Structure formats: structure tokens, C-alpha cells
Chemist: 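For reference, the structure I am asking about is given below.
Keep in mind that what you see is a predicted model, and the values were worked out from it rather than measured. Note: hydrogens, waters and symmetry copies are ignored here, and every other heavy atom, side chains too, is used.
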Amino acid sequence: MEILCNVFLWFFYSTLAASAVALLVMAIQKLFYRHLSARLQHALWLIVLLRLLLPDFPSSPASIFNIAAHIKNAVSMIHVEGNIPSNEISRNSEKNKIPQHDLSMLSENNHDQPEAIGLQEEKQALHSSQVHYPLGVQIAATIWFAGAVTFITYLCSYLFRMRKRRKTLTPVTDQRILSIMDECQRKFGIKKTIPLYTGDYVKSPCISGLIHPWIFVPEAVARELSSTQLLHVLSHELAHCKRKDMWWNTLGSYVLAIHWMNPIMWICMKRMKADREIACDACVLEVLGEREAAPYGLTMIDFLKRFASKSGQPQLLYFWGTTNKNEMTRRITMIKAFKKGSYKFSALAIVCVAGLGVATLTNAAAPAPASSSASVAQAGEERLLFASSSRTYGDLEKAVKVSPTPFKVPDLPELSLDSVTLDLEDQKLTKASISFKKYGRGYSYNLVVIPTGVDYEDALWDNQQSSEIKNETLNIKGMNILKLTRVSDSLSGYYWEEQGLQYKLWGWDISQEALQVISSMKFPDKDMLKRYKTNLAKARGKASVYDTEDLRSVQDALGFAPKLPMQPLGIFKAAEAEFYYRDTDRTSKSFFITYDRTNKPEEWKTSFYFDQRKDTSIYQEIKKTGTYRYEILRPEYNNVKTTPLQIEGKEVFKTEKYKRDGRFSSADEVGHISYFWIENDMCYQATFLEDISQQQEIVAELIKAKPVDVDQLK
């Protein structure tokens, strides 16, 4: 049912967009009727047909849907926001029947929820959870699917019957008719012989067959019409063949079978067919010439009078004809006013159709994330520098920009943001971990968001016996919330699902407080994005750099532009970078870059790192004492001898091999070698964690590197 509902919602969005295009085409035809040729009026419908046929479209700033993009976002809330009946919070009892949109962790057939169930059973059910759509959407999807299958089955059977019917018809042998047919094919430039059949199958001529077309001429038509009238009738059918109308008619039939629930599409297909007949008349007159306009018009009038009340040609899902008075009047008016050359597209017409195609066969250039009011946080033109699979931010607005999936967060003024960590895989969100603090309290509350169907470890409940876990089911805003409480310390976790995402909240000791948080969950708006900011560097002592926007912020905090060589010697690459404080007083700041080999095997560790700081005291001490002194464990220090070198005209001090933790280091720990130099008032340190023969070449390249210009990286 989930798959069917997803397909139904795709149909809903598609038919809604196509309806907008269809209404635009109708408006253009109405406003510019006198200036549009018959062929151009029909060509405009082909744009609507393409909009209905293709599953997806590229984005364009010229798209008409840039104006109305918010319609789709509002509709995408159909199975979430519209399903919250009240703010009432109540506990489920054994008599409460579970609604269809409950969490998938609760069995659909189990209306009596026991007070305690096995933890493993709960976790398996939670991991296999699915999106639950409202009953109305499920019913509508089922009706739509049943109707589409019925129509498509009818269409396929009709095509099969027509192919089978051909074998029962009699080939035309009348030389008069065959000679007229040959003349018509010559005039239309159709070299492939198109067979003629006769019989009493239907009362009017028709053309059939997509790959191998053939024409049916009823016996009454062959017997009663004059040679000139037969010329006109056969020319009309050949014009359909020349214009490939059988293909467009069949495609239109399939489109209508899929979009049968949309009344606008029935109107469109009816008008498209009427415009197709008029365009076909124009094609005939373009071939036969203006002098044939009057005789051809008389033939059409006589023909329509003769067969209007009788069974017409098969309609391919169009349960109407084109013989009503208005359409007859339109056809005769066009025939009467026809001018040679008007059937051809002018350069202006081609430009107009192309422009309309660009505007209607594209999607909005920057659509807002579905169902999220956080569209105010659109991603900028920032360049990604380090594609880390796990990214931590102290700014909710930045996290919303980066996350490919919008998610809800609590909207309570007394909460402050600690951090947001996004786990990304193949440009998809696999997990969002959001940590909040309440003003006046030191501990954090944690919210975890994962896509439905994604498995993850739950450290809070792992290795716990089911007897140690108490479970309850709460109802908040019409949603079932599973509450798991660890008996040993009364720590609770809350689980629920919304719009294809699973939410887990834990860290709240007071149930009422947790319920307030869950009730306040919403997609972030401008006020929330402004409120949920924290200085991650000061809070944690460091902040990672992922893109140029992060680098710009770090540069402002550092007070200098760091160097950022991305690929030293072409065989090493910058793997990550971060801003950090070197002391507990948060006064000394550094920019730290980690480098790996470009062809780094999985088991290899970091090759070297590059540290930059606006403080030359450590260099001056090395120059004065000849040793590099660093703290191991306060107040114990380690002293390493250094050797002066000349690299790229700079005095560089190279240390002996040493271990980071001195005497506390393990025997198998690889020794480090560091290089120190200064440029202006900056001190640079390159530390190698493996034996690299090109150490000094790398140092030379680091010396030659210029401070980064963030704008040049974009």
C-alpha cells in the first residue's frame, strides 16, 4: 500500500502541474485565437501531452512553476500535517483501537497493546516501520489504480481487436478507388503502400495501425461518394498518417487512462482531438491547394450530415465525436478562410512554442524542501572542501542547508542548541543527531532522526534484558508515541514516525517535559533558525571546516588567513581541517589540517598534519634552546632535540623522532617528526606520522603556499 500511495501522490503532483499547463494553453488559445494557425493550436496541446507523459523535468529559472512552487510544498503535507486532530495527550488503554496511521512498531491487527513486550521484538518492528498514509489517501489511491488498470486494459484489448478485425475485412479491389488512393499518396509524398479495406464494420472511414497503417473505407462510402469526394476523404485519412496522428492519439489515450481522475484532462483530450481534426483539414488543403478549399468544405459538410447520427469511427478512449455544431462551425470557418502556406510554422511560431516549452516543461529552479518551512535556509553557492560522511554544526540553519532531507525539531524558547551532527551517505541523510540543552541545566537532551527503513544501533537499550525495560504507548496529536523506560535508572526514550522519518528522543527524566517537546516538534522557521545557534568552537574547543562558508567563519575567528594546500606533491590530499583552541583560556588559536595519501589503503592512518598559529613563541624557544618542549601530562613535559635546516630560504627546525605521549606511549607506536618555521608573525608546524622520504619537499611546498583566498575557492 505504501508503494501504491507513493505512486498515487506522484500522479497527483503530475496531474496538478499538467492541469496548470493545460489551463495556460487554453488561455493562450482563447486570447490569441485569431493569430494562431490550426496547426499551431494543435501543437500547443502536444506540450500538455509531454508534460503528462514524462516522469520528471529539469529545473529552470524560466519555469512557470517558480511562481507557484509553494503549491506543491503545501500539498506534500497531505499525509502529515492534515492528520493531527488535536493537542490532546492521552495514554492508550487496552480498549483503545490503534488507528491506521500508528507507528509500524505496533501490529496493525493487534488492538490490545500489552503493558510489556520483548525489547528485541520492539526493535525489529521499529526498524521495519513504514510510512502510513491517511485512510482517505489509501482509498483514493486504490480507486485511481483500479480505474487506470481498467482503462489501460480496455485500450490494450481495443488495439488487439483492431488488429484482429483487419483479418476479417475485405481488401479494396475497385480500380477507381485504388487509382484515387495512388494519386493521394503521390500528393502527400507517402511512398509506402497503405492498404485499403472495406466492409460494414463501421459507417465512416478511419485509419488504424501504428507501424503498418491501413485505411478502412465502408462499402456505402465507396459506393455513394463521387471520385472528388473520395479524394477528399482519403486525403484526410492520409493527412492523419502524414502527421503521425495515430501515435499521438494512442499516447493521449494512455495518458488519459492514467489521469482519468482529473476532469481537466478529459476536457483537454476532447479539445486536443477537435484541434487535431482541424489541423488535419489544414494539412489536406496545404497539399491540395486553396482552389480545393470550397469543394473540400462541401465534402466535409455532406459527409458530416450523412454520418453525424450514425456510428462513427472507434474513439480510442474518447467517448465522444467531433460532429457537434460548434466544432463543425470551426472546421468550416477554417476551411473557408484557408490560405496557402498557413499550415507551415513561421519562425515566430517556432520561437513562441519553444519558449512556452521551456516555461512549462521544466520545474522550479530552486524548489523548497517538501513539507518543510525551513525553505528560508536555501544552500548558497559554497564549495565543498571536505566531503566528510559525518558533519557537526553549531548552527541549525547551516545544518538545514546541508541536509538533503528536512526534519522537525522542538520549538521551545527555553531550549538552546548544543550541536547537530549529520551522517551522510551518497548524498542522502542516514542520521541526524541533535543535542539540546535547557537553560539553567548542564545536561543535554538528544534527538535522533533517521529515514524509515534505515537500521541503526540504539546504545540506550542495547544489551538490556526485556524485563528491565518498561514500555508504554502515548497518543500525542493523533500520533502513537512508544515510550521505553529503563527500570534501573528511569531513563526514558520516546519513538515515533512522521513522513518517512523515525524520531528518537531521550535524556528527559520528567515525562511531562518530554511530552511538551514532542508536541512542539515542527519544521524550523526563521525564528527557530535564528534562535538555535551556538559557538561550537568555544563550547567544544574546536570546530570543523567542511565548505568555504565554514572556512570564512573560521578565518574570522582566527584573525588571519590560513594556508590550505589541497594536494601536496600530488600524492597527498587534505582530508579534514578544523579550528581549535590550544589552551584552556581560549586565547591561543590554531588552524589544523590533516593529510592522507591519495591512494591511501584502508588500514593506513593519517600521513601528516599541518598546524598554523599566530604565535611565534614556540619557534623562538626552539631557536633559543635547540629543543622542542611539549606537555605530556601536566605538569610533565617532554624535550626533543632539533636540527636547523634551510628550506626555501627559511630557517626550519627539524625534530628528532619522538612519541606523542612520551614515556606513556606504547612500544609499537610510530614515532613523529616535526618541522617548525615562521613567516611574518605566523608559526607553522608540519608533523609527519609515518616515514616519508619526501618530507622536506612537502615542507618546501607548504612554505611556498600562499594564504587562502576564500573567494577564489568558490
Chemist: Can you find a heavy atom in the side chain of N475 that is under 4.5 Å from one in the side chain of N480?
Modeler: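 They are in contact (side-chain heavy atoms under 4.5 Å apart), so the answer is yes.
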Chemist: Taking the side chain as every heavy atom from C-beta outward, state whether K437 and T534 have any pair of such atoms under 4.5 Å apart.
Modeler: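 They are not in side-chain contact.
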Chemist: Do the non-hydrogen side-chain atoms of I703 and Y684 ever get within less than 4.5 Å of each other?
Modeler: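 Contact flag for I703/Y684 side chains = no.
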Chemist: Should we say atom CG of N680 is surrounded by more than 12 heavy atoms from elsewhere, each under 6.0 Å from it?
Modeler: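 Not buried by this count: 12 neighbours or fewer within 6.0 Å.
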Chemist: In the structure I gave you, are the side-chain heavy atoms of L417 and F436 within less than 4.5 Å of one another anywhere?
Modeler: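 With C-beta onward as the side chain, the pair touches.
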Chemist: Does the side chain of S553 reach to within under 4.5 Å of the side chain of F579, using non-hydrogen atoms?
Modeler: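 The answer is no, as the side chains (C-beta and beyond) never meet within the 4.5 Å cut-off.
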Chemist: Check the side chains of N471 and Y495 for a donor-acceptor pair under 3.5 angstrom, ignoring hydrogens and angles.
Modeler: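 Not at all, the side chains of Y495 and N471 share no donor-acceptor pair under 3.5 Å.
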Chemist: Given ring pair (Phe, Tyr, Trp, His ring centres under 6.0 Å), test F592 with Y609 step by step and report yes or no.
Modeler: CA-CA 7 Å; F592 189 87; Y609 61 80; 4.6 Å; yes
Chemist: Give a yes or no on whether Q646 atom CD has more than 12 heavy-atom contacts from other residues, nucleotides or ligands under 6.0 Å away.
Modeler: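 Counting neighbours around CD of Q646, more than 12 heavy atoms of other residues, nucleotides or ligands fall under 6.0 Å, so yes.
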Chemist: Step by step, work out the side-chain hydrogen bond (donor to acceptor under 3.5 Å, both in side chains) result for T392 and R540.
Modeler: CA-CA 11 Å; T392 300; R540 298 193 173 189; 4.9 Å; no
Chemist: Looking at side-chain heavy atoms only, is the closest gap between P404 and L424 below 4.5 Å?
Modeler: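 With C-beta onward as the side chain, the pair touches.
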Chemist: Do we see a donor-acceptor contact under 3.5 Å between the side chains of S520 and D411?
Modeler: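 S520 vs D411: no donor-acceptor pair found between side chains.
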Chemist: Take F608 and Y595 through the ring pair (Phe, Tyr, Trp, His ring centres under 6.0 Å) test and state the conclusion after the steps.
Modeler: CA-CA 5 Å; F608 68 95; Y595 289 90; 4.6 Å; yes
Chemist: Would you say the side chain of F560 lies within less than 4.5 Å of the side chain of P707, judging by non-hydrogen atoms?
Modeler: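 Counting from C-beta outward, P707 and F560 never come under 4.5 Å.
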Chemist: Looking at K401 and D547, is there a salt bridge between them, counting it only when a charged N and a carboxylate O are closer than 4.0 Å?
Modeler: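 Salt bridge between D547 and K401, a charged N being under 4.0 Å from a carboxylate O: no.
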Chemist: Given R582 and D611, is the salt bridge (charged side-chain N to carboxylate O under 4.0 Å, His left out) satisfied, shown in steps?
Modeler: CA-CA 11 Å; R582 300 181 57 84; D611 200 359; 3.0 Å; yes
Chemist: Looking at G626, is its backbone amide N or carbonyl O close enough to the side chain of T642 to form a donor-acceptor pair, meaning the two atoms are under 3.5 Å apart?
Modeler: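 Looks like yes, one N/O pair under 3.5 Å.
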Chemist: Do I698 and F688 make a side-chain contact, defined as non-hydrogen atoms from C-beta onward lying under 4.5 Å apart?
Modeler: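 Side-chain contact under 4.5 Å: yes.
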